[in-house]
Each structure stands twice: as structure tokens, then as C-alpha cells.
> 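What follows is a single structure, and I will ask about it in a moment.
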Amino acid sequence: MSYRPRVPSPDRRSVLRGSLAASAALTLPVVGASAPAFALSGRPSAAWGVQVGDVTSSSALVWVRSDRPARMVVETSATESFRRARTWHGPLLGPGSDFTGTTPLYGLPPGEQVHYRVTLLDPQDPRRSGKPVHGTFRTAPARRRDGVRFLWSGDIAGQGWGINPDIGGYVVYDEMRRLDPDFFLCSGDNIYADGVIEPSVTLPDGRVWRNVTTEEKSKVAETLAEYRGNFRYNLLDRNLREFNAQVPSIVQWDDHEVRNNWYPGQILDDARYAEKDVDVLAARSVRAFREYFPVSTPHGPSGDGRMHRVVRHGPLLDVFVLDMRSFRNANSPGRQADDTTGILGAEQLRWLKHELSRSRAVWKVIAADMPLGLVVTDGATDFEAVAQGDPGAPLGRELQIAELLRFVKHRRITGTVWLTADVHYTSAQHYAPERAAFKDFAPFWEFVSGPLAAGQFPANALDATFGPDRVFVQAPDRANVSPMESPQYFGQVDIDGDSGELTVRLRAQGGAVLFSKVLSPGRVGQ
């Protein structure tokens, strides 16, 4: 086995102690405050911490938020002493981006620990700088033998379960940080823009759940400021800020970043919303999303609004980040005999086929924000994901997935694994043509994890069209079980550099490994 040691070196331990101490010492803006004031005295402060996103073997994106107008400067070094540091001059942070900014780093050494610090300069007097905020991350390896570890999950601050100071906040992030992954894949529902966070909730057993609350979380998000406040809410949690300072992320979105079960062109019939046009809401959300996460696109950090992308993590792994929201057709009974739009849209499907066919990575993780064979309903007659409960030949959105699976088989593309969240429990499904109504595909696995900080729900029914076999599931028998009543879930993936084997572990908060599966590279059927 050739996993790299996961115990931080003494050099790394000390920088993490310094980074986390600095993060803990920062004073956050008053809970409920929105945009920073212009007349603040003192020096700029990065009280919301730092983040790194979409790391490759030579590049990364560094994020920060200021409490006032400031110039972002990033320094990187191979050591915590910052000798021979490189300096990266970032953007001017102002009200147009809610005082957030991202600086791209290029020409980084592959497979190395990178120490960085972000300093905010007063644009009127650059000599007046804020206290640097530190972080660290590993670039993707150039050599296969180095191996890869990453985690994935989703669903944060959902169903009214927010930051509870009585249980230490989002403590699952501290547990994930201690596993020292190369990166974290967030599979969507980073926020619940349609979910109100009340000061307290009484549990079925009489205990009281207490929440940190803010003005923006007191109603459904409609304005740009309210969407920004939703993304800012989670950064009130120290565990999450400390996690961000050590673990880079690959972030995708799903429905709750805008509104439950939304689709393009939808007009709401919901009295909570004054703005009924979902396309307007989605445009505001995607702007806030890009302001609050370091996300790369084919056209650079500013992007063209697209979420789907490939993040290449060395010779062992490519991560294909899907957007199953922006291009889908309307939710419906899903019985169309001809459906070219589907859940991905025609253009994204062409893109995915092209990128899969040109990938030379041993493993191709398809990061889906919704499951394939699990029946997810939207009301009494419509369906929200791919499956619609008809076990026969593909219909509706299933047609597009059938086309993709057929393409993967006929092009002899190996090493595809599907990871998702969304349904608020954890499970493993194996798909095989001998059990399926549609048979022209190669067997593959789909693994589900989450939630990280939301309610848990009973397991969904399976649709037999693609022959799923639920090999493992852990889910409650009632809806909206709080994080105080049941542990939260996340998944862990380790890829061994010598054998190329990929091991998936479905984990529960508290250290338990609920299920594990070892997959061999290039092997069909697993």
C-alpha cells in the first residue's frame, strides 16, 4: 500500500496550530449584520477565514472576505517561515462582490504542501494592512504512487437545524479535518435559502435545539443580499472556518441554493415569495455562490455562469462536477418517450461525453448533485431527480442517462464511480445490466452520503430501469431527524498509488465506518 502518511509533519502541525489559533481569535461581525460599513476604524479584517478551491497539480484558487474595502494579497511558500515566498496581487474587495475576492495561483509545485497567508491592505494607505490569515493545502500529485484521499457529503443547515452552540456547532467538520484529506467534495445544498433558522426548536423527546440566528436566515432568500447572508451564515461556525483553512474544496450546487426542487422557467405558487420568477432568484443565487466559493470554470474564475467542470487531480483521479439544475427540463411525471433536454441539457451531456473520452485518469468520479436510481418525488405526481418509479425501459430524464451509460460502455471508458448526496441518508447502490430493463451499459457503483448539518429522512424507493441493488443503507424511519438525535454522514475515498485500488468508506460522525467497498481499476462489474 502506498498511501502517503496522513499524520501532519512537525512543520505542518505548527502552521495549523497557528492558523487555527488565528481563526479562533478573530472576532466575527455582529450576528445579523449584512454588508460591512465603510466608516470602520482600524485595519481591514478577514474574520470569515480563508478557503481554497479546485486544486490541481499546479493551480488553486484562494478566497477571502474583508470587513471593508481592501486589496487582497496572497503569499505562498513551501515552509511556514515564508522564506522565498511568492506574492500574488489579488483583486480590490468592495461592495460589488460583498467584499469577497478570489485570487488564482498558478505554477505551483505538484504533490507538495503549500503554505499561504492572505493579507488585506487598506486601498487608501497600503501600509495599513490587516493581520494575515493563514492556511495550507496540498497540490495534486504528479506521480501515481502518491495516492489520493478525499471526502464528500452535502446538505448544510437544512430543515431548520443551524449552528447549535450547545453541541459545539458543526463539529462534524472538525472530525473530517482530522482525517487530513487532499480535498472535500461538497455535493450540493451548501445552504438552504428556502429554510428559516428559528432561535429554538423543540425535539420529539422534549429537548430544545438552539440555533445561532441572523436577519438573512429569518425568511426565505429572495434578494441578492439575502442570498449572500445565507452563504455567510455557515461561516459563523468556527469548525467550518478551521476546516476551510486546511482542506480545499470542490463545490457544486443543487436545489436549496435557490429554492426546493427548482427548475429553469418555474413560476412559484408560494406565498412566502414576493419574487415568483425562479430564474430571477437563481441568477441572484449563482452570483452569491460565486462570491462565496472559489470555483473555477472553463473561462477562468469569473466564469460565464456555468457550474459544470472537470477538476483534474493527478494521474489517479479526474472529478467531473455536474450541474443537474441549470439545464434541466421542468419536473413532471417523467414518462416522455423522447427527451433530449433531460436533467443535464444537451450541451452539458456533449461536454461530459467529450471530457470522459479524453480522460486518462485511472478513476473518473462523476460528482452528481442528485442520485440516478433513487425515486425522488416533487409533489403528488412529479419527480425531482432522474428516476420516476417506472421499472421498465427508459423514459423522460432516464433517456439521457441511458445515452450516457451506453456511451461509456461502447467507448470502453473504465473507472467511473458516481458520488452524490441530496437524500439525507447514506447508502451504496450497485447497477448491473442483468437486473435492468435497459441493458446496454457496464456495471457501476453509486455511493450516497449526507447530511452534514441537516435533517435525516427515510430511504427512497429504487427504480429498476438501470438495475440498482441497494447493498447498504442507513436511514431513519421518520422524517427530519435532527443532528442531535442521529449522527451526520460523510464519505471517504482512498486511492492507493501502487495498486490503483479505490476504497469507499461510508462514515458516521463519531468515527464509525458503516460500510466499505474496494474497487479495482479497469475491472468491469466490481
Side-chain angles (χ1 to χ4, degrees), residues 31-35 98 154-164 188-203 208-236 253-292 324-326 328-332 369-370 376-385 421-424 450-457 478-483:
V31 172
S34 53
D98 202 29
D155 314 313
I156 305 158
Q159 291 75 49
W161 313 115
I163 301 168
N164 184 342
D189 291 343
N190 296 269
I191 62 169
Y192 281 71
D194 55 338
V196 173
I197 299 292
E198 301 286 357
S200 63
V201 181
T202 301
L203 303 181
V208 175
W209 173 284
R210 291 197 307 125
N211 283 313
V212 172
T213 61
T214 67
E215 179 182 350
E216 294 89 352
K217 291 301 299 177
S218 66
K219 65 178 291 292
V220 297
E222 299 179 80
T223 67
L224 176 60
E226 288 165 350
Y227 279 108
R228 286 168 167 171
N230 271 255
F231 287 107
R232 202 162 49 241
Y233 176 82
N234 288 331
L235 294 174
L236 291 170
W253 77 343
D254 192 30
D255 57 335
H256 289 285
E257 281 82 2
V258 178
R259 191 252 186 197
N260 185 44
N261 295 354
W262 76 275
Y263 51 82
Q266 184 181 24
I267 303 299
L268 298 180
D269 180 17
D270 188 332
R272 299 177 302 167
Y273 288 84
E275 176 57 68
K276 304 294 187 182
D277 189 337
V278 166
D279 289 349
V280 172
L281 299 176
R284 293 168 181 168
S285 175
V286 75
R287 176 173 172 178
F289 184 102
R290 289 184 170 280
E291 290 170 345
Y292 274 85
M324 303 172 86
R325 282 287 150 196
S326 302
R328 63 164 56 198
N329 51 20
N331 292 351
S332 73
D369 46 292
M370 299 211 75
V376 184
T377 59
D378 180 17
T381 61
D382 294 343
F383 294 90
E384 157 72 349
D422 182 70
V423 290
H424 296 239
L452 277 181
Q456 293 183 27
F457 286 80
R478 64 179 174 87
N480 200 16
V481 174
S482 77

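Residue numbers run from 1 in the order of the sequence given.
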> Using only atom types and a distance under 3.5 Å, with no angle test, would you say the side chain of Asp369 pairs donor to acceptor with the backbone of Met324?
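Yes, because the side chain of Asp369 sits within donor-acceptor range (under 3.5 Å) of the backbone of Met324.
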> I'd like to know if the side chain of Glu275 and the backbone of Val280 have a donor-acceptor N/O pair within less than 3.5 Å.
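Here the side-chain-to-backbone pair does not exist.
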> Mind listing the closest non-hydrogen atom pair of Val258 and Trp253 along with its distance?
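Reported closest heavy-atom pair: CG2-CZ3, 3.8 Å.
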> Among Phe289, Phe231, Trp262, Tyr192, whose ring pair (Phe, Tyr, Trp, His ring centres under 6.0 Å) with His256 holds?
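Only match with His256 under ring pair (Phe, Tyr, Trp, His ring centres under 6.0 Å): Tyr192.
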> Given side chains that start at C-beta, do those of Thr214 and Ile197 come closer than 4.5 Å, heavy atoms only?
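Of all side-chain heavy-atom pairs linking Ile197 with Thr214, none is under 4.5 Å.
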> Can you name the closest pair of heavy atoms from Ser482 and Leu203 and give their distance?
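Closest heavy-atom pair between Ser482 and Leu203: OG-CD2, 3.7 Å.
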> Going by an N to O cut-off under 4.0 Å, is there a salt bridge joining Arg328 and Glu384?
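Result for this pair is yes, salt bridge flagged.
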> Can Tyr292 and Arg232 be counted as having a side-chain donor-acceptor contact under 3.5 angstrom?
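Checked: Tyr292/Arg232 side chains pair up, N/O donor to acceptor below 3.5 Å.
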> After noting the C-alpha distance and the side-chain angles of Val278 and Leu268, does the key distance pass the side chain to side chain contact (heavy atoms under 4.5 Å, CB included) rule?
CA-CA 7 Å; Val278 166; Leu268 298 180; 3.4 Å; yes
> Between Ala454 and Pro483, which heavy-atom pair has the shortest distance, and what is it?
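Shortest heavy-atom contact: O-CG, 3.7 Å.
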> If only atom types and distance count, is the side chain of Tyr233 paired as donor or acceptor with the main-chain N or O of Ile163 below 3.5 Å?
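Yes, the answer is positive, given that a donor and an acceptor are paired below the 3.5 Å cut-off.
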> Would you name the heavy atoms of Asp279 and Gly265 that are closest together and state the gap between them?
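That closest heavy-atom pairing would be OD1-N, 2.9 Å.
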> Is the side chain of Tyr227 donor-acceptor paired with the backbone N or O of Ala282 at a distance under 3.5 Å, no angle test?
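No; judged by distance alone, with no hydrogens or angles, the pair does not exist.
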> So, Asn234 side chain and Ala157 main chain: donor-acceptor pair closer than 3.5 Å or not?
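Such a contact is absent between Asn234 side chain and Ala157 backbone.
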> Does any part of the side chain of Met370, heavy atoms only, come nearer than 4.5 Å to the side chain of Arg325, both counted from C-beta?
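Heavy-atom side-chain distance check passes, below 4.5 Å.
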> Determine yes or no for a side-chain-to-main-chain donor-acceptor pair under 3.5 angstrom, with His424 supplying the side chain and Pro451 the backbone.
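Here the side-chain-to-backbone pair does not exist.
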> Looking at Asp382, Thr377, Asp378, Asp194, which hits side chain to side chain donor-acceptor pair (under 3.5 Å) with Asn261?
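It is Asp378, the one option of Asp382, Thr377, Asp378, Asp194 that forms the side chain to side chain donor-acceptor pair (under 3.5 Å) with Asn261.
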> Would Glu222 and Arg272 count as a side chain to side chain contact (heavy atoms under 4.5 Å, CB included) if you check the C-alpha gap in whole Å, the side-chain angles of each, and the deciding distance to 0.1 Å?
CA-CA 10 Å; Glu222 299 179 80; Arg272 299 177 302 167; over 6 Å; no
> Establish, from distance only, whether the side-chain atoms of Glu198 and Asn211 form a donor-acceptor pair under 3.5 Å.
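There is no such pair between these side chains.
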> Kindly say whether Asp270 contributes a backbone atom to a donor-acceptor pair with the side chain of Lys276 at under 3.5 angstrom?
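Checking the backbone N and O of Asp270 against the side chain of Lys276, a donor-acceptor pair under 3.5 Å is found.
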> Identify whether the distance between the nearest side-chain nitrogen and carboxylate oxygen of Lys219 and Glu226 falls below 4.0 Å.
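Yes, charged N to carboxylate O under 4.0 Å.
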> Nearest 0.5 Å please: distance from the CG atom of Asn230 over to the OG atom of Ser285.
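The OG atom of Ser285 is 8.5 Å from CG of Asn230, to the nearest 0.5 Å.
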> Return the minimal non-hydrogen interatomic distance between Val423 and Phe457, and the atom names on each side.
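Taking Val423 first and Phe457 second, the nearest heavy atoms are O-CB, 4.1 Å.
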> Output yes when a side-chain donor or acceptor of Ser200 lies under 3.5 Å from a complementary backbone atom of Val208, and no otherwise.
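Not at all, since once roles are kept as given, no pair shorter than 3.5 Å links the two residues.
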> Donor-acceptor check, side chain of Gln266 to backbone of Ala330, threshold 3.5 angstrom: yes or no?
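Side chain of Gln266 to backbone of Ala330, a donor-acceptor pair under 3.5 Å: no, none is there.
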> Taking the side chain from Gln159 and the backbone from Asn480, do they hold a donor-acceptor pair closer than 3.5 Å?
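Not confirmed, Gln159 side chain does not pair with Asn480 backbone.
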> Enter the distance from Asp254:CG to Asp155:CG here, rounded to the nearest 0.5 Å.
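Between atom CG of Asp254 and atom CG of Asp155 there are 8.0 Å.
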> Roughly how far, to the nearest 0.5 Å, is CG of Asp98 from CD of Glu291?
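Here the rounded value is 6.0 Å.
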> Any side-chain heavy-atom pair from Asp189 and Glu257 closer than 4.5 angstrom?
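SC-SC contact between Asp189 and Glu257 confirmed.
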